Amino acid sequence: MLFNSLIIHLDCRMSQSRCKIRQMEKNKSFSNQEIAKILEKVAAAYEILDKDRFRIAAYERASVSIQHATSEVKDIWDDDKLDDIPGIGKSIASYLDELFRTGKVRHFEELFKKIPPSVFIFLDIPGVGPKTAYTLAEKLNIREEKNAIARLKTAAQKGKIEEIENFGEKSELDILNGISVLEKGELKTKRMLLFYADALADEIIDYLKKSNEVIRADPLGSLRRKVATVGDIDISVCTNNPQKAIEYFLNYKKIKEVISRGEESLVRVVLFSGQQVDLRFSTPEKYGSMLQYFTGSKQHNILLREFALKKDLSLSEYGIKTVKNLKTCPELVEGLKIKNFKDEENFYNFLGLEWIPPELREGTEEIKTSLNGKLPKLIELKEIKGDLHLHSNFNLEPSHDLGQSSVGEMLIQAGSLNYEYLGFSEHNPSVSNHSEREIYDLIMRKKEFIEQEYYSTKNKDYERGIKLPKQVLNSLEIDIKPNGNLAVDEKCLNILDYAIASVHSSFNQKREKMTDRVLKGLSHPKIKILGHPTGRLLLEREGYELDWDKIFDFCLKNNKFLEINSWPNRLDLPDTKVKEAVKYGVKLVINSDSHHVNQMAYLQYGVSVARRGWAEKKDIINSLSFEGLSDILL
DNA sequence: GCCGTTTTCGGCCCGACTGTTTTCAGTCG
Ligand SMILES: Nc1nc2c(ncn2[C@H]2C[C@H](O)[C@@H](COP(=O)(O)OP(=O)(O)OP(=O)(O)O)O2)c(=O)[nH]1
Ligand SMILES: [Mg+2]
Ligand SMILES: [Mg+2]
Ligand SMILES: [Zn+2]
């Protein structure tokens with residue numbers, strides 16, 4: 001039920017904003033995704049040419065690193081800080097410099113001349129890597145990009161592929177299947193919202209737990225790290241009888257196709273709904289190392305394994321062993337070939353590290369920080385004392401969407417969440433349809449309505465036993481107009497306890513203009529919070545550009561707070577920006593932006609974003625008691 | 001090609017599975 005209400009809501013939001021996408025794509029020379037793609041192509045080309053595997057890995061790492069970069073690489077280049085990006089050194093930095101200055105990299109162009117363009121198209125087919133792609137292009141003489149996939153498909157249908165050396169009937173079929181997956185857009189690269197993936201994983205885990213063979217089953221990979229979007233569903237299964245557990249899982253009715261199946265370790269399937277599911281099986285005595293491995297991230301694992309190697313230890317999902325029979329670790333040399341770990345904490349401790357929360361395992365500086373015993377004590381959901389961004393169904397006649405639940409319903413829900421305070425911040429009345437006087441009246445009526453509702457809800461007999469929040473705040477989410485003006489006037493602002501300002505239009509303004517607009521919008525003393533600060537919609541559109549140094553600086557000096565909006569397709573401020581804000585000392589507020597009581601619990605996703613941004617209790621203002629909060633908010 | 005509170009040279013994670021192979025390369029996680 002939770003699920004449906006959100007999906008319906010997402011749908012209606014998406015249709016509203018779809019027309020904006022095209023406008024947003026313009027005016028950038030090279031996006032991070034485009035640069036990442038180029039580096040990926042370089043890695044593939046080197047692989048085909050049998051170059052040094054470490055150089056290939058370096059390009060792959062650089063590519064991933066840019067995909068995850070906190071800012072536009074172009075801006076980082078402008079600031080002369082390319083070297084700060086992990087995995088980017090002197091050499092790649094100079095190539096990127098050339099790219100931004102001239103629009104191309106001669107060295108790469110030369111390299112690509114050696115590879116038929118069709119190869120890079122074939123790489124999109126699952127199961128087809130650089131070597132296979134190159135062989136196909138050469139042997140079938142399909143070199144052009146144009147119609148490459150269609151021509152490959154025809155060749156396969158004619159049985160031309162199995163004639164190639166080292167190919168056969170099965171690999172030909174695999175390629176045809178791969179093409180069909182590609183055509184249907186069911187690729188792993190097509191990611192899903194964390195919220196959606198959670199629900200999917202829960203269903204599978206419920207099914208698994210019904211088996212007597214299954215002791216535990218856990219969502220891992222990006223799901224456990226709480227990444228905003230998730231590529232596939234990774235689940236580990238703890239069992240004493242892997243064979244039986246595998247058999248049991250294969251009876252799950254939503255499986256469309258088994259891609260890979262091992263004896264007792266792994267099953268990989270595709271569901272009818274198109275998502276890939278990876279299961280790893282492990283026994284209780286070594287389940288800890290499986291949790292560690294399968295949680296990732298890949299880069300975290302690599303760095304952790306390199307860290308261990310310096311101590312002559314080798315890590316895997318099976319445990320820890322010595323590289324040589326060295327005396328560095330007596331425990332391992334004495335008869336034991338590999339040391340088992342029931343839980344993860346001991347696995348990290350054995351390496352001399354504090355246990356690292358999954359949200360931090362992105363291969364940045366978490367290992368070093370853990371080694372120094374300096375890991376942050378991350379904010380937790382139970383520390384959240386209130387929600388400051390809710391849309392009730394009180395009709396303020398806005399031009400954006402109305403909430404679906406009443407003030408009373410939301411108050412009761414807030415009580416059951418143990419909140420101390422709640423802030424109602426509906427969209428402002430539409431400017432085009434109302435006079436200033438009408439806008440004022442509407443806002444005034446809402447203020448009175450909230451107060452009445454609060455007391456009447458409190459007094460209702462059937463609500464006895466439910467503890468309502470102690471404080472209800474009257475707020476608004478106010479549009480920042482393209483010129484930076486607010487959509488309500490001074491008089492209205494003065495009725496409010498505090499207000500949120502958000503950008504809901506003209507997303508394609510240039511960085512400087514947008515920054516000025518936002519700062520102007522924030523400048524009124526009643527405006528305390530910048531709502532969904534980047535305006536991104538996950539899987540749909542990038543956010544607008546802002547000069548973050550200016551924004552952070554302004555917030556710090558003027559007592560303004562950046563929202564972490566928990567709405568599942570926003571998660572905005574994004575985790576990487578949260579990390580920067582925290583470092584800067586800017587305080588944040590985690591809000592649900594609920595339009596329905598069922599959505600109030602989604603605030604947990606905002607908490608996950610905060611945690612991924614290394615935020616502690618002190619960084620989050622709605623972890624304060626009301627007294628503390630009122631000092632800075634009211 | 002990247003990287004460095006014991007290194008600016010000499011290291012670089014480790015394993016499952018598949019198909020086509022008589023012993024393993026390629027792809028993926
Ligand atoms: N050691 C090691 N572990 C890996 C590697 N690739 C993947 N893993 C581990 C860590 C990953 O988090 C986990 C699951 O792999 P996935 O490809 O599903 O990645 P992840 O779930 O992190 O991201 P995703 O949202 O699926 O794209 O497996 C690798 O190359 N080496
Ligand atoms: Mg995954
Ligand atoms: Mg996976
Ligand atoms: Zn909004």
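Just so we're clear, the structure is a prediction, and the values are computed from it rather than from any experiment. Labels below follow one simple rule: chain letters A, B, ... track the order of the sequence lines, proteins then strands, and each chain is numbered from 1.
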Sticking with atom C1', work out how far B:dC13 lies from B:dT6, rounded to a whole angstrom. 23 Å
Value in whole Å for how far the P atom of B:dC12 lies from NZ of A:Lys310: 11 Å
Minimum-distance nucleotide to A:Tyr46 side chain [options: B:dG1, B:dT21, B:dT18]: B:dG1
Find the distance A:Ile338:CD1 to B:dG15:P and express it as a whole number of Å. 8 Å
Please determine, for the side chain of A:Lys298, which listed nucleotide (B:dC13, B:dG15, B:dG19) has the closest atom? B:dC13
Within the structure shown, what part of the strands sits under 4.0 Å from A:Leu303 by heavy-atom distance: base, sugar-phosphate, or nothing? nothing
Report which part of the nucleic acid A:Glu169 touches: base, sugar-phosphate, or nothing (heavy-atom distance under 4.0 Å, all strands). sugar-phosphate
Chi-angle category of B:dT7 [syn within 90° of 0, anti beyond]: syn
Verify the neighbour count for atom NZ of A:Lys618: are there more than 12 heavy atoms of other residues, nucleotides or ligands below 6.0 Å? yes
Does A:Arg61 or A:Ile125 map to a spot on DNA chain B nearer the 5' end, using the closest nucleotide for each? A:Arg61
Describe the nucleic acid contact of A:Gln276 in one word from base, sugar-phosphate, nothing, applying a heavy-atom distance below 4.0 Å. sugar-phosphate
If we take the C1' atom in both B:dG1 and B:dT5, what is their distance in whole Å? 24 Å
With sequence neighbours excluded, residues passing salt bridge (Lys or Arg N to Asp or Glu O under 4.0 Å) with A:Lys286: none
Please determine, for the side chain of A:Arg268, which listed nucleotide (B:dC2, B:dC28, B:dT27) has the closest atom? B:dC28
Does the pair A:Lys146/A:Glu144 count as a salt bridge with the N-to-O cut at 4.0 Å? no
Closest to side chain of A:Phe294, choosing from B:dA16, B:dG29, B:dT27: B:dG29
C1' gap between B:dA16 and B:dG11, integer Å: 26 Å
Which whole-number value in Å describes the distance from A:Leu279 CG to B:dG29 P? 14 Å
Atom CZ of A:Phe347 and atom P of B:dC13 are separated, to the nearest Å, by 15 Å
Touch class at under 4.0 angstrom, heavy-atom based, for A:Leu304 against every strand present: nothing
For the side chain of A:Ser316, starting at C-beta, report the closest nucleotide among B:dG1, B:dT18, B:dG15. B:dG15
CD1 of A:Ile66 versus P of B:dC2: gap in Å, rounded? 11 Å
For A:Asn301, answer base if it contacts any base atom (sugar-phosphate contacts may also be present), sugar-phosphate if it contacts only those atoms, and nothing otherwise; contact means non-hydrogen atoms under 4.0 Å. nothing
Residue-phosphate contact under 4.0 Å: A:Lys321 side-chain N/O, B:dC13 OP1/OP2: no
Protein-nucleotide distance (A:Ile320, atom CD1; B:dG15, atom P), rounded to Å: 13 Å
Send over the distance from A:Asp234 CG to B:dG29 P, rounded to a whole Å. 9 Å
Going by an N to O cut-off under 4.0 Å, is there a salt bridge joining A:Glu98 and A:Arg101? no
Does B:dA16 have OP1 or OP2 sitting under 4.0 Å from an N or O in the side chain of A:Tyr318? yes
Applying a 4.0 Å non-hydrogen cut-off, can you work out what A:Ile88 is touching in the nucleic acid: base, sugar-phosphate, or nothing? sugar-phosphate
Per atom distances to the A:Ser314 side chain, the nearest of B:dC12, B:dC14, B:dT27 is B:dC14
Gap between atoms CG and P, on A:Asp232 and B:dA16 respectively (whole Å): 18 Å
Distance flag, aromatic centroids of A:Tyr248 and A:Tyr207, threshold under 6.0 Å: yes
Among B:dG29, B:dC13, B:dG26, which nucleotide sits nearest the side chain of A:Phe54? B:dC13
N/O (side chain, A:Ser260) to phosphate O (OP1/OP2, B:dC28) under 4.0 Å: no
So A:Glu172, base contact, sugar-phosphate only, or nothing? Heavy-atom distance under 4.0 Å. nothing
Between A:His107 and A:Tyr46, what is the ring plane arrangement, given parallel below 30°, perpendicular above 60°, and tilted in between? tilted
Under 4.0 Å, heavy atoms only, any strand: does A:Ile302 hit a base, just the sugar-phosphate, or nothing? base
Do the ring planes of A:Phe552 and A:Trp548 sit parallel (below 30°), tilted (30 to 60°) or perpendicular (above 60°)? tilted
Looking only at side-chain N and O atoms, does A:Ser265 come under 4.0 Å of OP1 or OP2 in B:dG15? no
Classify the angle between the aromatic ring planes of A:Phe100 and A:Trp77 as parallel (below 30°), tilted (30 to 60°) or perpendicular (above 60°). tilted
What integer number of Å spans the P atoms of B:dC17 and B:dC12? 26 Å
Does a nitrogen or oxygen in the side chain of A:Arg305 sit under 4.0 Å from OP1 or OP2 of B:dC13? no
Among B:dC17, B:dC12, B:dG1, find the nucleotide with the atom closest to the side chain of A:Glu306. B:dC12
Return the nucleotide paired to B:dT8: Watson-Crick means purine N1 to pyrimidine N3 with N6-O4 or O6-N4, wobble means G-U with N1-O2 and O6-N3, both under 3.5 Å. none
Measure from the side-chain heavy atoms of A:Leu266 and tell me the nearest of B:dC2, B:dA16, B:dT21. B:dA16
Give A:Arg53 one of three labels, base, sugar-phosphate or nothing, depending on what nucleic acid heavy atoms sit under 4.0 Å from its own. nothing
Whole-Å P distance, B:dT20 and B:dT27: 14 Å
Decide if the gap between the ring center of A:Phe112 and the ring center of A:Phe120 is smaller than 6.0 angstrom. yes
If you find the nucleotide of DNA chain B closest to A:Glu47 and the one closest to A:Glu317, which residue's nucleotide is nearer the 5' end? A:Glu317
Give a yes/no on whether any side-chain N or O of A:Ser171 is located under 4.0 angstrom from OP1 or OP2 of B:dT20. yes
